[in-house]
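Report on the following structure.
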Amino acid sequence: MDYFGSHISRLIEALCGLPGVGQKTAQRLAFHIINMPKEQVQALADALIDARTNANYCRECFTLTDDELCPICRSEKRDHRQIMVVETPRDLAAYERTGRYDGVYHVLHGAISPMLGIGPNEIRLKELMQRLQGPDGQPACDEVIIATNASLEGETTAMYILKLIRTLGLDIKVTRIASGVPVGGDIENTDEVTLERALVGRTEM
Ligand code: ZN
């Protein structure tokens, strides 16, 4: 039954199904939105369209950026021989907040999860391997730091990356961030000191 009228129901339906947004949250958001000043709603709608239209993936590391290359990949101050592999742009942001990492990144946009039906082809793994193999067949970096989450999916992905690098015969040091990140814990929700410790204490795989 349509309790709220078709306009609000349509808004609830559009919000419902966003990550973490169920029916109840969608209703709450919808009622909040219809009570907002019209200009504020317009600004929100504009921001949604603008982000969706203009945000790109960096062609080198696949993080989100306005340009073809993100500021980190463009920077000459960063060590391009050290690549940290993370699951999401939010994890990249978490490591940037520590201010203690000066290498570059590779964003996978997910992790391998047989349970959710996410295989190696669903994340940016192929792109990582292409990037690691320089044009002359020589490794394009000295170290790959695997900073996927300490979850089953994150560990599976880490092992898979190690296997791929070894199968390709690339002479690259592969390290895994230390288990300072709580088991099953998300990198994006881990504090800076713990992340820094996990980075410093990384071990060779
Ligand atoms: Zn980049």
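Remember, it's 1-based here, ligands and their atoms both numbered in the order they're listed. Fair warning: this is a prediction, and the values are worked out from it, not measured in the lab.
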Are the charged groups of Arg97 and Glu196 less than 4.0 angstrom apart, N to O?
no
Taking NZ, NE, NH1 and NH2 as the nitrogens, is one of them in Arg176 or Glu204 under 4.0 Å from a carboxylate oxygen of the other?
no
Taking the six-membered ring for Trp and the single ring otherwise, decide whether the centroids of His106 and Phe62 are under 6.0 Å apart.
yes
What residues, two or more places apart in sequence or in another chain, satisfy side chain to side chain contact (heavy atoms under 4.5 Å, CB included) together with Gln130?
Lys126
What's the count of protein N, O or S atoms under 2.8 Å from the Zn ion (ligand 1)?
4
Any cation-pi pair here, Arg124 with Tyr57, using under 6.0 Å and within 45°?
yes
Compare every heavy atom of Ile72 with every heavy atom of Arg78, then report the nearest pair and how far apart it is.
CG-O, 3.5 Å
